[in-house]
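Numbers restart at 1 for each chain; the letters A, B, ... are given by sequence-line order, proteins then strands. For the numbers below, each heavy atom of this structure counts, side chains included, while hydrogens, waters and symmetry mates do not.
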Amino acid sequence: MHRIKKLPRTFYEREDVVNISRELIGKVLVTELDGVRTSGRIVETEAYAGHGDKASHAYGGRRTARTEVMYGRGGTAYVYLCYGIHHLFNVVTHGRDTPHAILIRGIEPMEGVEVMLERSGKKVFDRTLGRGPGNVSKALGIDTVHTGTSLLGAEIYIADDGFSFAPGEIEASARIGVDYAGKDALLPYRFSVKGHAHVSGKPSRT
DNA sequence: ATACCGATTAACT
DNA sequence: GTTAATCGGTATA
């Protein structure tokens, strides 16, 4: 039985959100809601570097009821609704008053596949389960009521099960859907496992 | 109060 | 490759 270690507060409360973003690739995102446990390995992430990052909701120090969570401690969930339909799950990093966050964009389903299929309204397992940020939340049962939830608690957390991808399997690229961010849209803040089926976008070639 | 828009997805042509 | 769906957040008055 492999041992699973929940990531500690110190993992999240560090300065370099981009680096943390890369480190999250290969970790396991777990939700345990209403006694039902579902999990998946993170294969795609994007870093949002707070006030200095035009693509971030907290750009320029913007602070509203929605983004308030990002100004809290590292190790907190920031969930919001996009396009009125999709719940996007983010991990808040850095300490108080520095609104860094990491969007989880893709997971490879592990435990509770049946439940995830049901939540996603799918009949059979395929690559779209857990592929793309909206689908990640749907599969894991995360929605906006979970914003502000501590990742050190029992409901939602990220763990290290000892597995890791080889450095060469992880690639950096520009973030998705942030064209409005000008030059910040070009920053290589997106990390993904090369050619992995549960990474959004076209299959990457080597 | 009202108006515009989005860290997307799925279903089209 | 293109586009409709859909509604809370944010800005503006």
Might you list the N or O atoms of the protein lying below 3.5 Å from N or O atoms in nucleotides 11-13 of chain B, with each pair's distance?
none

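- Rounded to an integer number of Å, the gap from Glu46(A) CD to dA7(B) P is 10 Å.
- Stacking of the aromatic ring of Tyr48(A) onto the base of dA7(B) is found: the ring centres lie under 5.5 Å apart and the planes are inclined by under 30°.
- In this structure, Asp179(A) atom CG and dC5(B) atom C1' are separated by 14 Å, rounded to whole Å.
- In this structure, CZ of Arg127(A) is placed 14 Å from P of dT9(B), rounded to the nearest angstrom.
- Contact check, Arg66(A) against dT10(C): a side-chain N or O comes under 4.0 Å of OP1 or OP2.
- When both pairing distances are held under 3.5 Å, dA1(B) makes a Watson-Crick or G-U pair with dT12(C).
- Thr64(A) has no side-chain polar atom (N or O) that falls below the 4.0 Å cut-off from OP1 or OP2 of dG9(C).
- Here dA7(B) is the nucleotide among dA10(B), dA7(B), dA11(C) with the atom lying nearest to any side-chain atom of Met70(A).
- Nucleotide dA7(B) is matched to nothing when pairs are restricted to Watson-Crick or G-U wobble geometry with both distances under 3.5 angstrom.
- Rounded to an integer number of Å, the gap from Asn90(A) CG to dT8(B) C1' is 13 Å.
- Residue Thr67(A) has its side chain nearest to dT10(C) when only dT8(B), dT10(C), dG8(C) are considered.
- The base of dA7(B) has none of its N or O atoms less than 3.5 Å from a complementary donor or acceptor on the side chain of His86(A).
- Within 6.0 Å of atom CD in Glu68(A), more than 12 heavy atoms from other residues, nucleotides or ligands are found, so the atom counts as buried in its surroundings.
- For the pair Arg9(A) and Tyr12(A), the cation does not sit on the ring face, since its NZ or CZ is not both under 6.0 Å from the ring centre and inside 45° of the axis.
- A salt bridge (Lys or Arg N to Asp or Glu O under 4.0 Å) with Arg37(A) is found for one member of Glu114(A), Glu32(A), Glu155(A) and no other, namely Glu32(A).
- Here Glu171(A) does not pair with Lys194(A) in a salt bridge; the nearest charged N to carboxylate O distance is not below 4.0 Å.
- Put simply, NE2 on His57(A) is 9 Å from C1' on dG9(C), counting in whole angstrom units.
- Arg105(A) has a side-chain polar atom (N or O) that falls below the 4.0 Å cut-off from OP1 or OP2 of dT8(B).
- For the pair Tyr80(A) OH and dT6(C) P, the computed distance is 19 Å after rounding to whole Å.
- The side-chain tip of Arg96(A) does not point at the ring of Tyr71(A) from less than 6.0 angstrom away and within 45° of straight on.
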task = Could you please spell out the steps behind the ring pair (Phe, Tyr, Trp, His ring centres under 6.0 Å) verdict for Tyr80(A) and His57(A)?
result = CA-CA 11 Å; Tyr80(A) 76 96; His57(A) 290 161; 4.6 Å; yes

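- The shortest distance between the side-chain N/O atoms of Tyr59(A) and the OP1/OP2 oxygens of dA7(B) is not below 4.0 Å.
- No cation-pi contact links Arg22(A) to Tyr189(A), judged by a cut-off of 6.0 Å to the six-membered ring centre and 45° from its axis.
- Taking a cutoff of 4.0 Å between a charged side-chain nitrogen and a carboxylate oxygen, Asp53(A) and Arg175(A) qualify as a salt bridge.
- To the nearest angstrom, P of dT8(B) lies 7 Å from CG of Leu103(A).
- Of the candidates dA11(C), dT8(B), dA7(B), dT8(B) carries the atom nearest the Tyr83(A) side chain, counting heavy atoms from C-beta on.
- Rounding to whole angstrom units, CG of residue Leu81(A) and C1' of dT10(C) are separated by 14 Å.
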